[in-house]
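Heavy atoms only: backbone and side chains are in, while hydrogens, waters and symmetry mates are out. All residue numbers in this chain count up from 1 along the given sequence.
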Amino acid sequence: MVQSKAEDVDGYLAEIPQERREALGRLRQMCRQELEGFVEVMAYGMPAYERNGVGEVAFASQKNYISFYLLRTDVREAFAERLAGCDMGKACLRFRKPENIDFDLVRDLLRATAAGPGAVVRDLLRATAAGPGAVC
């Protein structure tokens with residue numbers, strides 16, 4: 001998907017391919033449930049979740065996969081063993097098919113993120129006008 005121009009997450013979900021809508025809707029539901037105190041926003045054309053104005057989690061429907069952006073370096077380091085076998089960029093998990101999303105892992109990552117503030121990959125986001133897509 002080309003970077004979305006949707007103004008809100010409902011609009012974003014409405015424009016993604018039908019075959020990915022259920023999985024992305026479930027990711028959204030999990031984010032909203034687990035990330036208490038976070039604000040849901042559109043950032044860099046994708047749904048993102050901010051705490052105190054800082055994005056810590058995002059997800060997107062890309063051309064060849066679904067991305068789950070985990071911008072907390074401390075959480076990624078804590079889960080390094082579980083993430084080792086995953087298709088992972090600098091800050092994102094890539095799922096080639098919606099049915100391959102490991103929702104148990106995603107829930108655990110969200111819970112760890114919600115547990116408290118930590119180190120965020122801000123410099124990677126600022127380094128490019130493309131936003132988080134460049135870290136995937």
Report summary line: Between F79 and A112 the two heavy atoms that sit nearest each other are CE1-CB, 3.5 Å

**Report entry** Over all atoms of both residues, closest heavy-atom pair of M46 and Y69
**Finding:** SD-CE1, 3.5 Å

Requested in this report: Carefully, step by step, assess L105 and L83 under the rule side chain to side chain contact (heavy atoms under 4.5 Å, CB included).
Outcome: CA-CA 9 Å; L105 173 60; L83 293 169; 3.9 Å; yes

Query - Y49 and F59, any side-chain heavy atoms less than 4.5 Å apart - result: yes

Report task. Please indicate whether E7 has more than 12 foreign heavy atoms, meaning atoms of other residues, nucleotides or ligands, lying under 6.0 Å from its CD. Result -> no

Query raised in the report: Charged N to carboxylate O under 4.0 angstrom, K5 versus E15?
Result: no

Query raised in the report: How close do S4 and M42 get, heavy atom to heavy atom, and via which atoms?
Result: OG-CE, 4.3 Å

**Report entry** SB check R82 D102 (cutoff 4.0 Å)
**Finding:** no

Requested in this report: Answer yes if the side chains of Q29 and R32 hold a donor-acceptor pair under 3.5 Å, and no otherwise.
Outcome: no

Query raised in the report: Is there a donor-acceptor pair under 3.5 Å between the side chain of R21 and the backbone N or O of I16?
Result: yes

**Report entry** D10, CG: over 12 other non-hydrogen atoms inside 6.0 angstrom
**Finding:** yes

Report summary line: Scanning both residues in full, the closest heavy-atom pair of M88 with L93 reads SD-CD2, 3.5 Å

Requested in this report: For E56 and T113, work out which heavy atoms get closest and say how close.
Outcome: OE1-CG2, 3.4 Å

Report task. With side chain to side chain contact (heavy atoms under 4.5 Å, CB included) as the test, would you mind laying out the steps for L109 and F68 before giving the verdict? Result -> CA-CA 10 Å; L109 293 168; F68 175 78; 4.1 Å; yes

Requested in this report: Report whether L110 and V41 are members of the same hydrophobic cluster (ILVMFWY, side-chain heavy atoms less than 4.5 Å apart, transitive linking).
Outcome: no

Query raised in the report: Minimum heavy-atom separation for F103 to M30, with atom names?
Result: O-CE, 3.2 Å

Query raised in the report: Should the heavy atoms of other residues, nucleotides or ligands under 6.0 Å from CD of E19 be counted, would the total exceed 12?
Result: yes

Query raised in the report: Tell me, do R94 and N100 make a side-chain contact under 4.5 Å, heavy atoms counted?
Result: no

